[in-house]
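Note sheet for the following structure.
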Amino acid sequence: MGAEPLAEEHDVAQAHYPIVLGLQPSALVDHVARVDSSFLIHIPGEPGGSIPVAIEEVEYILRKMDTHVLSSPDNSSPIKTMAGGSVANTIRGLSSGFGISSGIIGACGEGEKGELFVHNMNLNGVDLSRLRKKKGHTAQCVCLVDALGNRTMRPCLSSAVKVQAEELTKEDFKGSKLLVLRYAILNLEVIEAAILLAKQEGLLVSLDLASFEMVRNFKQPLLKLLESGNIDLCFANEDEATELLRGEPNADPVAAVEFLAKYCQWAVVTLSANGCIAKHGKEIVHVPAVGEAKVTDATGAGDLFASGFLYGVIKGVSLEECCKLGTCSGGSVIRSLGGEVSRENWQWMYKQMQIKGLLMPDIYPNE
């Protein structure tokens with residue numbers, strides 16, 4: 001059985017406040033490019049992960065990648081610049097693909113990149129009334145995608161403007177139902193402050209484990225967050241789940257889901273082409289990926305999986321249906337470059353949802 005819906009269609013709060021809020025302390029602009037894998041050898045850090053770099057490193061990668069760019073199979077631009085960040089991807093997906101009123105808490109800089117972020121999120125119906133504008137740089141991230149669709153991410157956050165813990169108020173969270181977070185040691189103070197205020201206002205809290213490097217290098221603060229009992233939903237991919245249980249005799253996805261479920265109402269481990277495994281209460285399900293999804297770029301797959309899964313939680317559907325919704329939305333974003341779903345790929349997702357008999361969004365026109 002599913003949980004109770006978080007918000008009814010005619011909920012008064014819905015008219016005034018976003019149902020879902022995402023905390024992304026720094027607005028982020030993504031530079032996404034398909035490159036040959038040989039280029040990744042020249043980039044510090046392991047291919048496939050996400051490690052912070054200085055602005056000079058971002059500029060170096062952007063200068064050098066032109067000679068390593070692969071043509072796109074759909075003849076679209078091989079390099080795309082768009083509003084990005086894991087939380088922004090999830091929130092944008094909930095708003096534009098599922099019609100769930102969503103807002104973002106954070107800060108953007110002045111200038112072209114800050115304007116790009118604002119324009120893109122506005123266009124997708126995201127409430128930006130909690131986005132602070134500050135003097136300084138907007139964060140950037142280079143996303144390098146190889147021929148198989150695997151992505152290597154190098155974010156530059158250190159010199160960027162961000163919302164600080166002391167700037168958050170109860171008013172930011174009032175009337176909303178769910179807070180979406182991504183684990184990051186640089187943002188730990190503001191994450192902890194947001195969780196405290198969100199819980200005072202009665203919100204559910206969802207946490208994404210970010211990257212295997214973040215789990216590996218900063219496991220103790222993460223465990224403390226989980227052990228607090230304030231995380232209601234937790235999303236991990238297979239690599240993050242393995243890191244979480246590193247050193248344990250059994251570190252497979254089932255064990256990771258069981259571990260996370262000790263602290264969270266909903267625990268989810270995504271398994272790329274093998275779908276996902278999830279637990280809610282005593283129920284555990286394994287749902288396969290959508291077989292018809294072609295992988296052009298895995299950027300945003302986990303973020304958009306979360307959009308679909310959270311849509312299911314908000315609507316109060318079963319755990320299995322939440323997972324199926326997640327695999328459909330995750331499958332939609334990997335069909336083209338970047339973490340934003342095109343109109344064509346939303347249509348692909350709706351078709352998959354109809355085939356599987358899933359709950360269609362209110363924004364989907366009835367035939």
Side-chain angles (χ1 to χ4, degrees), residues 26-86 88-89 92-93 109 111-117 119-121 123-124 137-160 210-213 237 239 272-273 293-304 330-346 348:
S26 296
L28 184 69
V29 169
D30 277 344
H31 307 281
V32 189
R34 298 183 77 246
V35 297
D36 64 68
S37 53
S38 65
F39 182 53
L40 302 178
I41 299 165
H42 306 289
I43 308 299
E46 295 173 60
S50 175
I51 55 169
V53 295
I55 186 65
E56 294 78 14
E57 190 71 45
V58 168
E59 289 167 351
Y60 168 81
I61 295 170
L62 291 174
R63 278 197 313 271
K64 294 289 184 183
M65 74 184 183
D66 276 354
T67 56
H68 294 268
V69 166
L70 299 174
S71 61
S72 293
D74 58 0
N75 294 319
S76 62
S77 169
I79 303 174
K80 290 184 179 177
T81 299
M82 64 190 75
S86 177
N89 289 342
R92 180 173 54 201
E112 184 187 347
K113 291 181 176 62
E115 286 170 14
L116 187 152
F117 184 89
H119 176 73
N120 181 273
M121 299 305 276
L123 208 59
N124 285 280
H137 300 291
T138 298
Q140 299 181 67
C141 181
V142 179
C143 308
L144 304 171
V145 184
D146 67 19
L148 297 175
N150 301 312
R151 86 279 185 278
T152 298
M153 305 176 84
R154 294 296 177 262
C156 174
L157 306 169
S158 54
S159 61
S211 70
F212 63 85
E213 295 102 334
N237 66 25
D239 292 338
S272 302
K294 56 173 186 177
V295 182
T296 297
D297 172 15
T299 303
D303 308 333
L304 268 296
S332 70
V333 75
I334 64 176
R335 294 165 59 82
S336 59
L337 207 56
E340 183 176 9
V341 181
S342 67
R343 185 175 297 178
E344 178 193 349
N345 287 332
W346 281 133
W348 176 91

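In what follows, every heavy atom counts, from backbone to side chain, and hydrogens, waters and symmetry copies are set aside.
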Is a donor from one side chain sitting under 3.5 angstrom from an acceptor on the other, for Asn345 and Ser332?
no

Using only atom types and a distance under 3.5 Å, with no angle test, would you say the side chain of Asp36 pairs donor to acceptor with the backbone of Ser38?
yes

Kindly give the heavy-atom pair with the smallest separation between Leu116 and Met82, and that separation in Å.
CD2-C, 3.7 Å

How many angstroms lie between CZ in Arg34 and CD1 in Ile79, if you round to the nearest 0.5 Å?
12.0 Å

Tell me every residue that passes salt bridge (charged side-chain N to carboxylate O under 4.0 Å, His left out) with Glu59, counting only those two or more places apart in sequence or in another chain.
none

List the steps and the verdict of side chain to side chain contact (heavy atoms under 4.5 Å, CB included) for Leu144 and Arg151.
CA-CA 5 Å; Leu144 304 171; Arg151 86 279 185 278; over 6 Å; no

Under the ring pair (Phe, Tyr, Trp, His ring centres under 6.0 Å) rule, collect the residues that match up with Phe39, sequence neighbours excluded.
His68

Heavy-atom pair with the smallest gap, counting every atom of Thr152 and Glu46
CG2-O, 4.3 Å

Residues in side chain to side chain donor-acceptor pair (under 3.5 Å) with Asn120, at least two apart?
Arg92, Glu340

Could you tell me the separation between the CZ atom of Phe117 and the OG1 atom of Thr81, rounded to the nearest 0.5 Å?
14.5 Å

Non-hydrogen atoms of Asn89 and Ala83 that approach each other most closely:
OD1-O, 4.2 Å

Under 3.5 Å: donor-acceptor pair, side chain of Thr138, backbone of Gly109
yes

Kindly check if the number of other-residue, nucleotide or ligand heavy atoms within 6.0 Å of NE2 (His31) is above 12?
yes

To the nearest 0.5 Å, tell me how far Ile55 CD1 sits from Gln140 CD.
4.5 Å

What heavy-atom pair brings Asp239 and Asn237 nearest, and what distance separates the two atoms?
N-OD1, 3.1 Å

Working to the nearest 0.5 Å, report the span between CG of Leu28 and CG of Leu157.
6.5 Å

